[in-house]
Structures are given as C-alpha cells and as structure tokens.
K.L.:
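Just passing along the structure, written as structure tokens.
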Amino acid sequence: MTSPDVLIVGAGFSGMYMIHKLRQAGISALAVEAAPEVGGTWYHNRYPGCRCDVESMQYSFSFSEELRNEWNWSELYSPQPEILRYANWVADKLVLRSSIVLNTRVASARWQPEKANWLVTSQDGRAWEPRFVVMATGCLTVPRMPDIPGAETFKGRLLHTADWPKEPVDVRGKRVGLIGTGSSGVQAATTLAPQAGHFSVFQRTPAYSVPAHNRPLTDAERQDFRDRFAELDVWARSSKSAMLTGPAKHAAMDVSPEERERILWEAWEKGGAFHLTATFTDVRKSEAANRVVADFVRERIREKVKDPVKAELLCPRDMIATRRICVDTGYFEIFNRDNVSLVDVASDAIVEITPKGLKLASGVEHELDILITATGYDAMTGAILAVDFAGENGLSMRDAWADGPRTYLGLTISGFPNLFIITGPGSPSALTNLIRSIEHHVEWITDCITDMRAHSDRRPARGAGRLGRACERGRRQHPLHQGTVVVHGP
Ligand code: NAP
C-alpha cells in the first residue's frame with residue numbers, strides 16, 4: 001500500500017485546490033471521491049434550473065492568474081452544467097486527475113497513535129495510511145428527505161433535487177408536486193412549472209427571494225474584472241462575506257425615507273442577494289433596519305403576484321437574511337400561471353406520502369405523478385459523520401459532537417489529531433462566497449501542515465504544542481480565521 005502524506009476526502013473545489021496547494025508545497029496528496037466525476041456539489045446538484053447565487057466572475061478560483069484569464073463565463077450567474085465544465089477544466093489544467101481516485105467512498109478513518117498516522121479505509125476495502133486527513137466533503141452533501149411517512153408507497157416518481165438523474169425528467173403533461181421552497185426548490189419550480197401539466201408547490205415557509213437580473217456577460221465586463229483584479233481581491237479578502245458588495249455607508253434609520261428607498265432600489269436593480277444585505281450597516285443588527293429591507297422585498301412580491309391571497313402567502317414573515325436569501329429568475333411570476341397551485345402546508349401540514357400523492361392533515365389528498373423533494377441536506381456535519389471516525393482513545397465523531405459540532409474555526413476538531421475540515425461547521429462557509437472561503441481554508445491548512453512537518457518529528461506531541469504553534473502562525477496570515485487554538489496532536 002502506497003500512502004500519500006495527506007489523504008483528501010472529496011474532489012470538489014475544496015479537494016482539487018487542496019491537491020494543488022499541497023503539491024506546490026512538496027507534500028504528496030491523494031483525493032478519494034465517491035462520485036464518478038470531480039465537481040462535488042456541482043456534480044450531484046443537476047436539477048433543472050440549478051445555478052449559482054454568486055456572480056460567476058466572483059465564483060471562480062482567484063489564486064491563479066492563468067485560470068482567471070483563460071476561462072470565460074458566459075453569464076452573470078452560471079448554470080450548473082457550466083460550473084461542472086469549469087471544475088473539469090480546472091482538473092485538467094492543473095493536471096490533478098492523477099491524484100484523484102474516483103468512484104470510491106471513504107468508510108472509516110482510525111487514528112493510529114503508535115504510528116502517528118491515520119488508517120483510512122474505503123467501502124470497497126482499500127486502505128491508506130496518511131499522516132494527515134483533510135475532509136473536503138462540502139457542507140451540503142448528504143441529501144435530507146422530508147420527515148413524512150409513506151415515501152416507499154408512492155407509485156409515481158420520487159426525486160430529490162440533490163440526487164437528480166442524469167437523463168432529463170419529462171414533466172410535460174404530468175402532475176408534479178414540490179416540497180421545499182429554499183434555493184433548490186425556488187430554482188427547480190421556476191424552471192419546471194412552465195413545462196409541467198400541473199405544478200403544485202407545497203410551501204411550509206415562504207422564502208425571501210430576489211431577482212438575479214441574470215444576463216450574458218460581455219468581453220468588456222470580463223476584461224474589466226481581470227484588469228481590476230488586484231483591487232477587487234483586496235476588497236473580497238477584507239469583506240466578511242468574501243463578496244464584492246458594500247461596505248454599507250449608513251445605518252438604515254440615519255438616512256431619510258427617500259434615501260432609504262433609493263439605496264434599496266439601487267441594490268435591487270443590481271440583482272442578487274448580497275447587494276441587498278449590504279444596503280445598510282445594521283441590516284443584521286437592528287430589527288428596524290431589517291424590517292425596512294424585509295418590507296421592501298415583500299412589496300416587490302406583492303407587485304409580482306396578481307392574486308393578493310397567494311401574494312400574502314408567498315410573503316415571508318420572519319426577518320430577512322437570517323437564512324441565505326434565494327436568488328431567482330421569475331420565481332414569483334410562476335404563481336400567475338393557471339397550471340401552478342400554491343398549497344399552504346404551514347396551516348395544513350403534509351402528514352403522509354400515499355401511493356397516489358400527498359395527504360394533508362385536513363384529509364385532502366393531492367394526486368401526483370412526480371414528487372420532487374427540495375428539502376435540503378444534513379448540512380455541515382452530515383458528510384463528516386458519514387465516515388466512521390475513531391480519534392484519540394477511539395473517540396468517535398458522534399460522541400465528540402454529541403452536544404453539537406465543536407471545532408476550532410471549523411478547521412480542526414479536538415481529539416482528532418492531524419485531521420482538517422474545509423468549510424466545516426463553525427466556519428464562515430455557507431454565509432459567504434464559498435469558493436473564497438475554500439481558498440482561505442486550503443491555504444491555512446497547507447501552511448499548518450507545512451509548518452508541522454518542518455517543526456515536528458513523528459512522535460506525538462504533548463498537549464497543544466506543535467500544532468497549536470503552527471495554527472497560530474497560520475492564523476496570523478489569514479484574517480478570516482481569528483481565534484484560539486484548541487487542537488492537540490503531533
Ligand atoms: P433548504 O434551504 O434546507 O430548504 C429546505 C426546504 O424544505 C425548506 O423550505 C423547508 O421548509 C422544506 N421542508 C423540509 N421538510 C418539509 C416538510 N416536511 N414539509 C414541508 N416543507 C418541508 O434546502 P435547499 O434549498 O436545498 O438549500 C440548501 C442550501 O444550499 C442553502 O444554504 C442554499 O443557499 C444552498 N443552495 C444554493 C444554491 C445556489 O447557489 N443557487 C442552490 C441551491 C441550494 P422549512 O423552512 O419550513 O423547514
């Protein structure tokens with residue numbers, strides 16, 4: 001068995017950049033990927049309408065001038081097939097494929113204190129003994145089915161947005177139902193509703209969704225981004241969301257009502273969610289400021305949806321930006337179509353999936369040919385807990401996280417030496433432009449491993465000594481990661 005210095009679990013954007021950085025540092029790396037292709041979440045999420053909610057030029061690797069200059073995004077917001085093509089292009093461009101094992105799911109990882117390394121095994125019985133393991137498994141990986149009994153009895157077709165078939169699903173003339181109105185549900189509904197015979201959205205919580213104002217990108221726009229990259233990079237790296245929006249200049253109540261409207265309309269016309277949350281300094285801090293933005297979005301929904309009863313049902317009641325805001329291209333407009341129904345399952349809950357469709361608490365049954373679940377993921381922790389970890393003294397991850405996930409900045413976990421996570425629980429990850437967070441994490445981890453290799457031998461250290469010092473050095477270089485080192489290990 002030839003073992004790499006670092007075994008990486010996953011070959012999405014995180015895993016691919018991790019291989020590249022480690023190679024540059026002269027450290028051998030192997031990525032083990034369950035899917036038959038690279039791309040991670042962009043491989044699995046191929047439901048109709050799937051598209052990034054961050055502008056394409058920003059949702060790209062920033063670390064390589066060559067990559068930045070050679071890839072031409074076609075639209076302001078990229079569709080999933082183009083992002084997957086980009087992932088494959090990066091894999092070829094950086095010659096990563098020789099360091100990736102596909103179709104292989106990591107099953108377990110056991111810390112071997114006597115060897116100061118990990119024994120990693122795959123479901124198909126292969127094994128590696130790397131000194132370091134990096135979980136590049138993504139924070140939205142394990143699909144979550146709705147907690148509704150009877151799915152196995154459904155005679156129609158049951159689909160999950162995160163596990164969409166490769167071949168097209170023909171919804172023409174079919175009665176299609178959708179559970180879930182987060183980003184995935186909003187995008188899938190917008191694309192599929194006009195094609196379906198009848199499309200029913202079973203809504204429990206209405207989503208804040210704002211228009212993308214998506215359009216083709218021009219050569220001039222792409223060139224302008226490249227020309228200004230140095231300046232934009234400083235901006236993105238110093239912004240909390242790693243996005244090129246804001247910073248806001250004023251608190252919402254410090255400006256006149258007319259000025260508030262003007263600022264909100266300006267952000268709305270730019271499109272996307274991040275401009276809207278960067279309108280005022282206190283959108284996430286002051287209830288009054290939050291209400292200003294939320295009311296503005298609700299007004300836009302009322303303008304778009306002709307039936308006032310439906311419009312009110314579609315207006316979210318909670319605060320805005322407590323969840324990631326959805327970005328759409330005509331979502332609310334689908335509810336003006338005759339073939340689209342909005343079913344309020346907050347007041348009349350779905351109690352059962354039946355052979356024919358969905359049964360509500362009132363006893364009403366909705367008959368369906370296709371049921372789409374857009375019910376999200378076992379987010380953040382799902383893919384990590386799916387691996388049977390045994391850390392120091394056989395500690396399992398489930399026990400370590402019995403009271404919820406505890407990590408050092410979402411990067412390392414006490415009791416699991418030489419184990420790193422990219423965009424793990426507690427990290428900025430899903431609140432940001434993820435590809436930028438991935439870059440920060442990968443660079444921090446590479447620095448940390450490089451430093452550990454330079455300053456330690458293979459004997460386990462006592463306490464938080466060497467890794468702690470290495471992490472401190474890494475922390476100083478990456479302003480997004482501020483905190484105290486709590487990890488132990490060699
Ligand atoms: P999600 O945000 O977790 O939404 C799940 C939806 O399913 C919610 O509307 C939820 O309602 C509903 N649901 C769950 N169980 C239900 C039940 N029993 N009855 C009725 N409704 C039920 O999932 P997601 O849309 O897949 O998004 C997950 C993450 O991926 C988000 O962070 C999102 O930003 C990200 N994402 C990003 C993009 C993009 O870049 N454009 C695309 C897709 C997803 P409740 O709210 O009432 O629980």
K.L.:
Could you verify whether a donor N or O on one side chain and an acceptor N or O on the other, from N214 and T329, lie under 3.5 Å apart?
P.N.:
no
K.L.:
Is the gap between the ring centers of W71 and F61 under 6.0 Å?
P.N.:
no
K.L.:
Verify whether one side chain among S437 and T432 offers a donor that lies under 3.5 Å from an acceptor in the other.
P.N.:
yes
K.L.:
So L434 and F13, do their side chains get closer than 4.5 Å, heavy atoms only?
P.N.:
no
K.L.:
Could you check whether any side-chain heavy atom of V292 comes within less than 4.5 Å of a side-chain heavy atom of L264, counting everything from C-beta outward?
P.N.:
yes
K.L.:
Which value, rounded to the nearest 0.5 Å, describes the distance between F229 atom CZ and E65 atom CD?
P.N.:
9.0 Å
K.L.:
So R237 and R436, do their side chains get closer than 4.5 Å, heavy atoms only?
P.N.:
yes
K.L.:
Nearest heavy-atom pair of A273 and V327: which atoms, and what distance?
P.N.:
N-CG2, 3.8 Å
K.L.:
Give me the atom names and distance for the closest heavy-atom approach of T407 to G426.
P.N.:
OG1-CA, 4.4 Å
K.L.:
Let me confirm one number: the CD-CG distance from E287 to N290, rounded to the nearest 0.5 Å.
P.N.:
8.0 Å
K.L.:
Under 4.0 Å between a Lys/Arg side-chain N and an Asp/Glu carboxylate O for E259 and K249?
P.N.:
no
K.L.:
Would you sort out whether S209 and D328 count as a side chain to side chain donor-acceptor pair (under 3.5 Å), showing the intermediate values?
P.N.:
CA-CA 6 Å; S209 189; D328 73 89; 2.7 Å; yes
K.L.:
Which heavy-atom pair separates A321 from R284 by the least distance, and what is that distance?
P.N.:
O-NE, 3.3 Å
K.L.:
Within the 4.5 Å heavy-atom criterion, are W164 and I372 side-chain neighbours or not?
P.N.:
yes
K.L.:
Heavy atoms only: give me the nearest L76-A212 pair and the separation to one decimal.
P.N.:
CD2-O, 4.2 Å
K.L.:
How about R324 and S183: does a side-chain donor come under 3.5 Å of a side-chain acceptor?
P.N.:
no
K.L.:
Y377 and C139: side-chain contact (heavy atoms from CB on, under 4.5 Å), yes or no, with the steps?
P.N.:
CA-CA 9 Å; Y377 303 83; C139 34; over 6 Å; no
K.L.:
Are side-chain heavy atoms of Y77 and C52 found at a separation under 4.5 Å?
P.N.:
no
K.L.:
Classify the angle between the aromatic ring planes of W268 and W265 as parallel (below 30°), tilted (30 to 60°) or perpendicular (above 60°).
P.N.:
perpendicular
K.L.:
Does CG belonging to D227 count more than 12 external heavy atoms closer than 6.0 Å?
P.N.:
yes
K.L.:
Take a 6.0 Å sphere around CZ of R110 and say whether it holds more than 12 heavy atoms from other residues, nucleotides or ligands.
P.N.:
no
K.L.:
In sequence, state the C-alpha distance, the side-chain angles, and the governing distance for T245 and K270, and then conclude on side-chain contact (heavy atoms from CB on, under 4.5 Å).
P.N.:
CA-CA 11 Å; T245 45; K270 282 183 188 159; over 6 Å; no
K.L.:
With side chains defined as the heavy atoms from C-beta onward, is the minimum distance between Q58 and F225 less than 4.5 Å?
P.N.:
yes
K.L.:
Got more than 12 heavy atoms from elsewhere within 6.0 Å of CZ, R406?
P.N.:
no
K.L.:
State, without any angle test, whether Q223 and D219 hold a side-chain donor-acceptor pair at a distance under 3.5 Å.
P.N.:
no
K.L.:
Looking at K21 and D447, is any side-chain nitrogen of the basic one under 4.0 Å from a carboxylate oxygen of the acidic one?
P.N.:
no
K.L.:
For L84 versus G39, what's the shortest heavy-atom pair and its separation?
P.N.:
CD1-CA, 4.0 Å
K.L.:
At their closest point, which heavy atom of S78 faces which heavy atom of I83, and how far apart are they?
P.N.:
CB-CG1, 3.6 Å
K.L.:
Tell me, with the steps shown, if T423 and S429 meet side chain to side chain donor-acceptor pair (under 3.5 Å).
P.N.:
CA-CA 5 Å; T423 64; S429 64; 5.4 Å; no
K.L.:
Using side-chain heavy atoms (C-beta onward) and a distance below 4.5 Å, is M16 in contact with V38?
P.N.:
yes
K.L.:
State plainly whether the residues E37 and R46 are in salt-bridge range, i.e. N to O under 4.0 Å.
P.N.:
no
K.L.:
Determine whether M57 and L232 satisfy the following criterion, side-chain contact (heavy atoms from CB on, under 4.5 Å), listing intermediate values before the conclusion.
P.N.:
CA-CA 11 Å; M57 295 301 285; L232 299 177; over 6 Å; no
K.L.:
Hey, are Y17 and E443 close enough side-chain-wise for a donor-acceptor pair under 3.5 Å?
P.N.:
yes
K.L.:
Evaluate side-chain contact (heavy atoms from CB on, under 4.5 Å) for I301 paired with Y208, printing each intermediate quantity in order.
P.N.:
CA-CA 9 Å; I301 296 171; Y208 281 105; 5.6 Å; no
K.L.:
Name the orientation class of the two ring planes belonging to F416 and F389 (parallel below 30°, tilted from 30 to 60°, perpendicular beyond 60°).
P.N.:
perpendicular
K.L.:
With no hydrogens and no angle check, do the side chains of W73 and S60 hold a donor and an acceptor under 3.5 Å apart?
P.N.:
yes
K.L.:
Are the side chains of Y43 and E33 in contact, using a 4.5 Å heavy-atom criterion?
P.N.:
no
